[in-house]
Trainee: 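Structure incoming, see below.
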Amino acid sequence: MDKFRIAKDTLGEVRVPEEAYYGAQTQRAVENFPISGIRLPFSFIKAQAIIKASAAFANRECKALSHEKANAIISAADEVVKGDLRDQFVVDAYQAGAGTSQNMNMNEVLASRASEILGRAKGDYSLVHPNDDVNMSQSTNDTIPTAIQISVASELQATLYPALSRLIQVLKEKEIEFHEIIKAGRTHLQDAVPIRLGSEFKGYRGTLESVQHALKHSETFLYELGLGGNAVGTGINAHPDYAELAIRQIAQKTNLPFTKSDNTYAFMQNTNAAIRVSGHLKELAVHLIKISSDLRLLSSGPRTGFAEIMLPAVQPGSSIMPGKINPVILENMYMICSQVIGNDACVSTAAIGSQLEINAMMPVIGFNVLQSIKILSNGMTIFTEKCLKDITANEENIQNWLEQSLSLVTALNPHIGYEKAAAVAKESFETGKTLKEVLVTKKILTREEADRILDPNSMI
């Protein structure tokens, strides 16, 4: 049978699981918001703990908090950063506005653990209090957007950039590997002038490099923190030196270049940095859908499609058709990117919800941006290692389609004119003859002239 203790807050008494480090306000949130069973990711929890440790350090240095209390809070927060007490952060991602419940979940857990460190009982706030001590000089309104920016910047560095850079590198390797292979180009899904297979991959690489550059630019806005703005940006109840000290400590703990925003009001009114990053994550998703869809099309078949490239087989593709192999990694990429596009729509909608001094929808903004980073990072890694790096060219099929392409006729324009070239293409299509056969039969060109002008190498 579950055991409980009685916890109190300003609304009265609440039954809390006896072993829980959290208290009354967290328990109320658990009961009020049983929405999804999804919690904010550990990267966010870790960022919150870094903020609390840095705040305790700053308040100690400003002589607002005793060394005993500050050191206990810092020790408790450091434990959370290392991964301890992860099961104590129990508030749903869809929770009270602005993330007050999330902030109090962290405050209560750290107060309980700090009390334990100082020899008191779990849940005894008589020595270390969640609001008065752990939340000193802070508000939900400045700590939650700060936690969003710390966690997003950290995850970009730790997961997304390495995955994207590796993907770009493998695209470059394929660009070189396939450089000498000339194939039929296609526009509007119709025949177009020839292109190198390597050049298609060069296009993919350049597109992703452009997004990578844009992401890194938007990342710079994450490093301006409005911590110390407190409730509405004025810095009420905080020592004048508190913000600089706390943010400097955050930079030291994360090894990232966080600085104090010169406009705490703008920081708290809007989640601009998260919006920018989310927009570029959506852009990355759009381009990854294009690339993965191209590769599905180019590998279609193997007997009745383009079949210009061959994908590595990673699992059986059908429960009824023996031997069928599907482009499952590329389909997986499409699903991931669809979710990311949806996440950005959610972020945009939530950002619109900003009113006056704060945006009350911050938890869902943080959750969606972090989820986008996570699934894109994992998806790109799987795409690169289980598909892209082992793609091979089906040169026989490529040559076959190239020879049949009617758009080779484009090279005739300077020699016989657009209208006569169009007539040649039309006859080729209607009779099934090659362009060269029509040209020679009609005595428009000699065989040698036709071979020279219609040589795909001369069109690249």
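The chain is numbered in sequence order, starting from 1. These numbers come from the heavy atoms of this one structure, side chains and all, not from hydrogens, waters or symmetry mates.
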Trainee: Side chain to side chain contact (heavy atoms under 4.5 Å, CB included), that's the test. Do Val232 and Ile358 meet it? Break it down for me.
Mentor: CA-CA 7 Å; Val232 295; Ile358 66 161; 5.9 Å; no
Trainee: Go through the side-chain N and O atoms of Asn270 and Asn359 and say whether any donor and acceptor fall under 3.5 Å apart.
Mentor: no
Trainee: Distance check, rounded to the nearest 0.5 Å: Leu376 atom CG versus Leu167 atom CG?
Mentor: 11.0 Å
Trainee: Could you walk me through whether Ser372 and Asp344 pass side chain to side chain contact (heavy atoms under 4.5 Å, CB included), step by step?
Mentor: CA-CA 8 Å; Ser372 292; Asp344 182 63; over 6 Å; no
Trainee: Side chain of Asn105, backbone of Val90: donor and acceptor closer than 3.5 Å?
Mentor: yes
Trainee: Please say which of Glu403, Glu395, Glu396 ends up in a side chain to side chain donor-acceptor pair (under 3.5 Å) with Gln399.
Mentor: Glu403
Trainee: Report yes if some heavy atom in the side chain of Thr434 is under 4.5 Å from a heavy atom in the side chain of Ser428; otherwise report no.
Mentor: no
Trainee: Might you point out which heavy atoms bring Ile74 and Ala53 nearest each other, and give the distance in Å?
Mentor: CG1-O, 3.6 Å
Trainee: Please answer whether the main-chain N or O of Leu297 pairs with a side-chain N or O of Ser300 as donor and acceptor at a distance below 3.5 Å.
Mentor: yes
Trainee: In the structure I gave you, are the side-chain heavy atoms of Val409 and Leu454 within less than 4.5 Å of one another anywhere?
Mentor: no
Trainee: Would Arg86 pass as a cation-pi partner of Phe42, given that its NZ or CZ must be under 6.0 Å from the six-membered ring centre and within 45 degrees of the axis?
Mentor: yes
Trainee: Using a 3.5 Å distance criterion without hydrogens, assess whether the side chain of Gln149 forms a donor-acceptor pair with backbone atoms of Leu222.
Mentor: yes
Trainee: The test is side chain to side chain contact (heavy atoms under 4.5 Å, CB included); show your working for Leu160 and Glu155 and say whether it passes.
Mentor: CA-CA 7 Å; Leu160 190 123; Glu155 289 303 294; over 6 Å; no
Trainee: Just verifying a value: how many Å separate Met362 CE and Thr146 OG1, rounded to the nearest 0.5 Å?
Mentor: 9.0 Å
Trainee: Return the minimal non-hydrogen interatomic distance between Thr264 and Gly233, and the atom names on each side.
Mentor: OG1-O, 2.7 Å
Trainee: After noting the C-alpha distance and the side-chain angles of Ile168 and Gln212, does the key distance pass the side chain to side chain contact (heavy atoms under 4.5 Å, CB included) rule?
Mentor: CA-CA 10 Å; Ile168 289 170; Gln212 184 183 50; 3.6 Å; yes
Trainee: Give a yes or no answer on whether the side chain of Glu357 reaches the backbone of Met268 with a donor-acceptor pair at less than 3.5 Å.
Mentor: no
Trainee: Is any side-chain N of the basic residue among Lys436 and Asp451 closer than 4.0 Å to the acidic one's carboxylate O?
Mentor: yes
Trainee: Could you check whether any side-chain heavy atom of Gln138 comes within less than 4.5 Å of a side-chain heavy atom of Lys52, counting everything from C-beta outward?
Mentor: yes
Trainee: Are more than 12 heavy atoms, taken from residues, nucleotides or ligands other than Asn457, located less than 6.0 Å from that residue's CG atom?
Mentor: yes
Trainee: Side chains of Ser407 and Asp191: do they bring a donor and an acceptor to under 3.5 Å?
Mentor: no
Trainee: Does a side-chain N-to-carboxylate-O contact under 4.0 Å join Lys442 and Glu427?
Mentor: yes
Trainee: Taking side chain as C-beta onward, heavy atoms only, is Lys389 less than 4.5 Å from Arg166?
Mentor: yes
Trainee: Counting only N and O atoms by type, is there a donor-acceptor contact under 3.5 Å from the side chain of Ser165 to the main-chain atoms of Pro162?
Mentor: no
Trainee: With a sphere of 6.0 Å drawn around CG of Leu189, does it hold more than 12 non-hydrogen atoms of other residues, nucleotides or ligands?
Mentor: no
Trainee: State the CG-CD1 distance between Asp390 and Ile329, to the nearest 0.5 angstrom.
Mentor: 11.0 Å
Trainee: Over all heavy atoms of both residues, which pair between Asn230 and Asn141 is shortest? Give the atoms and the distance, please.
Mentor: O-CB, 3.8 Å
Trainee: Looking at Thr441 and Val438, would you say the former's side chain and the latter's main chain have a donor-acceptor pair under 3.5 Å?
Mentor: no
Trainee: Give a yes or no on whether the backbone of Val80 and the side-chain of Asp84 come within a donor-acceptor separation of less than 3.5 Å.
Mentor: no
Trainee: Under 3.5 Å, is there a donor-acceptor pair linking the side chains of Gln102 and Gln95?
Mentor: yes
Trainee: Using a strict 4.0 Å threshold on nitrogen-to-oxygen distance, state whether Asp294 and Lys290 make a salt bridge.
Mentor: yes
Trainee: List the steps, then state whether ring-ring contact (aromatic ring centres under 6.0 Å, His included) holds for Tyr94 with Phe33.
Mentor: CA-CA 7 Å; Tyr94 304 92; Phe33 307 110; over 10 Å; no
Trainee: Do you know the tightest heavy-atom contact between Leu40 and Gly366?
Mentor: CD2-C, 4.5 Å
Trainee: Specify the closest pair of heavy atoms between Ala243 and Leu227, including all atoms of both residues, with the distance to one decimal.
Mentor: CB-O, 3.4 Å
Trainee: Atom OG1 in Thr143, atom CD1 in Ile150: separation rounded to 0.5 Å?
Mentor: 10.0 Å
Trainee: Can you check whether Ser139's main-chain N or O pairs, donor with acceptor, with Asp142's side chain at less than 3.5 Å?
Mentor: yes
Trainee: Does Arg186 pair with Glu308 as a salt bridge, N-O distance under 4.0 Å?
Mentor: yes
Trainee: Taking C-beta and beyond as the side chain, do Leu208 and Leu288 meet within less than 4.5 Å on heavy atoms?
Mentor: yes
Trainee: Please check if atom NZ in Lys174 has more than 12 non-hydrogen atoms from other residues, nucleotides or ligands closer than 6.0 Å.
Mentor: yes
Trainee: Taking 4.0 angstrom as the limit, do Lys253 and Asp78 come out as a salt bridge?
Mentor: yes
Trainee: Is it true that a side-chain atom of Ser405 and a backbone atom of Trp401 form a donor plus acceptor pair closer than 3.5 Å?
Mentor: no
Trainee: So, Gln157 versus Glu219: side-chain donor-acceptor pair below 3.5 Å or not?
Mentor: yes
Trainee: With a 4.5 Å limit on heavy-atom distance, are the side chains of Ser458 and Ile453 in contact?
Mentor: no
Trainee: Please report the interatomic distance CG(Asn135) to CG(Asn107), rounded to the nearest 0.5 Å.
Mentor: 4.5 Å
Trainee: To the closest 0.5 Å, what do you measure between CG (Leu402) and CD1 (Ile195)?
Mentor: 12.0 Å
Trainee: Can you tell if the side chain of Leu164 reaches within under 4.5 Å of the side chain of Val211, non-hydrogen atoms only?
Mentor: no
Trainee: Can you name the closest pair of heavy atoms from Leu435 and Ala425 and give their distance?
Mentor: CD2-CA, 4.0 Å
Trainee: Test the Lys216-Tyr161 pair against the cation-pi criterion, namely NZ or CZ under 6.0 angstrom from the six-membered ring centroid and within 45° of the ring axis.
Mentor: yes
Trainee: Regarding Arg113 and the six-membered ring of Tyr21, is the cationic atom NZ or CZ under 6.0 Å from the ring centre and inside 45° of its axis?
Mentor: no
Trainee: Under 3.5 Å, side chain of Asn397 to main-chain N/O of Ala307, donor-acceptor pair present?
Mentor: yes
Trainee: Could you check whether any side-chain heavy atom of Leu197 comes within less than 4.5 Å of a side-chain heavy atom of Phe201, counting everything from C-beta outward?
Mentor: yes
Trainee: Test of understanding: with side chain to side chain contact (heavy atoms under 4.5 Å, CB included), list the residues that count as partners of Lys202, not counting sequence neighbours.
Mentor: Glu175, Arg205
Trainee: For Gln355, is the CD atom crowded, meaning more than 12 foreign heavy atoms sit under 6.0 Å from it?
Mentor: no
